[in-house]
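Down below is the structure, laid out as structure tokens.
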Amino acid sequence: MIGIAKPMIDQTDADAVLSALKSGQLTGGPIVQQFETDLAQYSGYKHAVVVSSGTAALHIAMHALGIKAGDEVVVPDFTFIATANAARYVGATPVFADVDARTFNLDSASLASKITPKTKAIIPVSLYGQAYDVDAVSEIARKHDLPVISDNCQAIGTAWNAKRNLGDAMATLSFYPTKNMTSTEGGAILTDRDEWAEECRLWRNIGQRKPYDYAHVGYNYRLNSVSAALGLSQLKRLDAFTRKRQENARTLNDLLHGTAGIELPYADARATHVYNQYTLKVAGSKRDALKAHLQQSGVGSNVYYPMPLSTLETFGKTAGSPTANRISAEVLSIPVHPALTDDELQTVGAAVKSFKG
Ligand SMILES: Cc1ncc(COP(=O)(O)O)c(C=O)c1O
């Protein structure tokens with residue numbers, strides 16, 4: 001079976017992990033600091049604060065901005081649940097805006113229509129690895145004086161007009177094993193503002209300024225040194241991983257171009273797509289049949305996401321946003337990861353093309 005994701009672990013990663021394990025300092029210390037320095041430099045932000053997951057990153061970004069009970073945070077209706085949960089962790093309410101049918105990212109007209117006097121932040125998502133429309137979201141944010149937290153958990157290395165720093169208040173990353181690089185579990189907050197970086201560091205580490213001096217309540221969201229060593233080692237090869245994903249996406253585009261009933265991923269010329277996922281849209285209620293056909297052909301695929309968040313019971317089971325409703329019935333992600341061999345890539349393309357519906 002050709003899997004939908006595969007971490008790229010090599011001997012240099014194993015050596016880095018072993019060295020961290022033998023260093024005698026299993027959490028904190030120089031490896032974590034080096035990972036933060038390299039990550040900030042790679043991403044074009046002044047600070048990177050590494051944490052135990054992307055979910056933790058979103059959570060403490062909310063705290064650092066002072067989002068609290070009674071506030072509203074606008075999020076896309078079509079994303080991973082952690083984006084919306086971030087607001088709920090601090091007692092705020094996620095308000096769901098619809099997405100664009102081509103990019104799968106926040107639709108600016110819908111976003112603008114969801115802003116109320118209670119809105120305190122916007123969390124756009126760079127879904128599947130492609131930056132959201134930074135120009136449109138920034139303009140709305142500026143008009144209403146709202147901070148933007150870019151959920152780039154699927155999109156390390158994405159850029160807008162060639163800039164990885166999206167000009168936001170903060171951005172979050174995830175290093176979960178299906179992401180473009182991994183630290184096993186792990187995540188980060190990126191920001192240019194010293195106070196926000198400092199607040200994130202406090203919230204990450206039990207609110208502690210120095211031993212037994214606490215600014216406020218906090219969590220244990222630290223990233224251990226062994227994970228940081230893996231992340232640091234992976235970051236050195238991230239550009240090569242990304243190039244291979246982009247090359248694989250081009251090959252799939254060539255192989256699948258013109259296939260009836262299938263729409264290929266749209267690439268916005270202003271965005272750098274790092275292809276965490278290569279996501280088709282399948283017309284005419286045939287998505288699940290294509291998924292089954294691929295399975296029979298030995299090709300893994302997955303649906304991210306089968307329903308808009310607002311239609312989930314935990315978010316009040318509403319009727320959902322119109323475009324999010326439509327595309328959640330159509331999307332199917334197929335393998336694009338850098339571990340694919342040329343033969344496997346051809347097999348993926350041939351399996352999609354041989355689907356007769
Ligand atoms: C868009 C998005 N936000 C947040 C997260 C949360 O990251 P993590 O799994 O590291 O907690 C993910 C991870 O799957 C994600 O895809």
Side-chain angles (χ1 to χ4, degrees), residues 4-7 35 39 48-63 73-90 94 96-97 99-100 103-106 121-132 134 137 148-158 166 168 170-190 200 203-204 219-224 227-228 230-231 234-235 245 271 273-279 302-310 312 314-315 324 327-328 331 333 336-337:
I4 182 78
K6 187 173 177 190
F35 187 28
L39 202 54
V49 180
V50 295
V51 290
S52 52
S53 70
T55 304
L58 284 162
H59 183 181
I60 62 179
M62 295 278 95
H63 277 303
V73 178
V74 184
V75 302
D77 203 3
F78 189 67
T79 176
F80 185 61
I81 193 168
T83 316
N85 277 346
R88 300 207 297 184
Y89 291 146
V90 295
F96 296 100
V99 294
D100 179 272
T103 63
F104 308 111
N105 287 331
L106 262 185
I122 305 168
I123 312 184
V125 176
S126 300
L127 205 72
Y128 307 144
Q130 177 164 241
Y132 61 91
V134 173
V137 171
V148 172
I149 300 131
S150 306
D151 180 344
N152 282 353
C153 285
Q154 300 182 4
I156 185 167
T158 194
L166 301 184
D168 40 18
M170 287 183 244
T172 62
L173 301 174
S174 163
F175 308 123
Y176 185 75
T178 57
K179 302 302 195 269
N180 288 17
M181 59 161 274
T182 188
S183 63
T184 70
E185 298 280 359
I189 299 119
L190 304 168
C200 288
W203 282 102
R204 164 179 74 177
Y219 308 103
N220 174 0
Y221 281 169
R222 296 182 299 265
L223 186 73
N224 67 73
S227 286
L230 178 57
Q234 290 256 301
L235 184 59
R245 285 177 179 274
H273 200 324
V274 296
Y275 290 99
N276 180 243
Q277 300 296 339
Y278 182 94
T279 302
N302 222 337
V303 177
Y304 308 105
Y305 298 92
M307 65 275 286
L309 288 178
S310 69
L312 296 172
T314 182
F315 291 112
I327 62 177
S328 58
V331 290
S333 299
V336 72
H337 58 79

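Whatever order the structure lists ligands and atoms in, that order sets their numbers, starting from 1.
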>> If the cut-off is 4.0 Å to any non-hydrogen atom of Cys153, which atoms of ligand 1 fall inside it?
In response: 2 (C), 3 (N), 4 (C), 5 (C), 12 (C), 15 (C)

> What's the shortest distance from atom 5 (C) of ligand 1 to any protein heavy atom, and which residue and atom give it?
Replying inline: Phe80 CD2, 3.5 Å

>> Which heavy atom of Ile149 sits nearest to which heavy atom of Ala61, and what is that distance?
In response: CG2-CB, 4.2 Å

> What is the closest protein heavy atom to atom 3 (N) of ligand 1, and at what distance does it sit?
Replying inline: Asp151 OD2, 2.8 Å

>> Could you walk me through whether Leu223 and Val51 satisfy the side-chain contact (heavy atoms from CB on, under 4.5 Å) test, starting with their C-alpha distance in whole Å, then the side-chain angles of each, then the deciding distance to 0.1 Å, before giving a yes or no?
In response: CA-CA 5 Å; Leu223 186 73; Val51 290; 5.8 Å; no

> Tell me, which protein residue and heavy-atom name are nearest atom 6 (C) of ligand 1, and how many Å apart are they?
Replying inline: Thr55 OG1, 3.5 Å

>> Checking the N or O distance criterion of under 3.5 Å, is ligand 1 in contact with Gly54?
In response: yes

> At a 4.0 Å threshold, what atoms of ligand 1 neighbour a non-hydrogen atom of Leu58?
Replying inline: 4 (C)

>> Looking at every non-hydrogen atom in both residues, tell me the closest pair between Val331 and Tyr128 and how far apart they are.
In response: CG1-OH, 4.0 Å

> Can you tell me if Gly186 has a non-hydrogen atom under 4.0 Å from ligand 1?
Replying inline: yes

> By number and element, which atoms of ligand 1 are closer than 4.0 Å to a non-hydrogen atom of Ser53?
Replying inline: 10 (O), 11 (O)

> How does Leu127 reach ligand 1, by side chain, by backbone, by both or by neither, if only non-hydrogen atoms under 4.0 Å count?
Replying inline: neither

>> Run the ring-ring contact (aromatic ring centres under 6.0 Å, His included) test on Tyr219 and His59 for me, step by step, so that the C-alpha distance in whole Å, both residues' side-chain angles and the decisive distance to 0.1 Å come before the verdict.
In response: CA-CA 10 Å; Tyr219 308 103; His59 183 181; 4.6 Å; yes

> Taking the six-membered ring of Tyr278, is NZ or CZ of Arg245 closer than 6.0 Å to its centre and within 45° of its axis?
Replying inline: no

> When the ring planes of Tyr305 and Phe78 are compared, do they come out parallel, tilted or perpendicular, using 30° and 60° as the limits?
Replying inline: perpendicular

> Backbone or side chain, does any N or O of Ser174 fall under 3.5 Å from an N or O of ligand 1?
Replying inline: yes

> Between Ala48 and Leu190, which heavy-atom pair has the shortest distance, and what is it?
Replying inline: CB-CD2, 3.7 Å

> Numbering the atoms of ligand 1 from 1, which are under 4.0 Å from a heavy atom of Thr79?
Replying inline: 1 (C)

> Should we count OH of Tyr176 as having more than 12 external heavy atoms under 6.0 Å?
Replying inline: no

> If every non-hydrogen atom of Thr182 is compared with every non-hydrogen atom of Pro7, which pair is closest and at what distance?
Replying inline: CG2-CB, 4.4 Å

> Under a 4.0 Å heavy-atom limit, does Lys179 contact ligand 1 with its side chain, its backbone, both, or neither?
Replying inline: side chain

>> Applying a heavy-atom cut-off of 4.0 Å, say which part of Thr178 lies close to ligand 1: side chain, backbone, both or neither.
In response: neither

>> Quick test: of every protein heavy atom, which one is nearest to atom 16 (O) of ligand 1, and how far off is it to 0.1 Å?
In response: Gln154 NE2, 2.9 Å

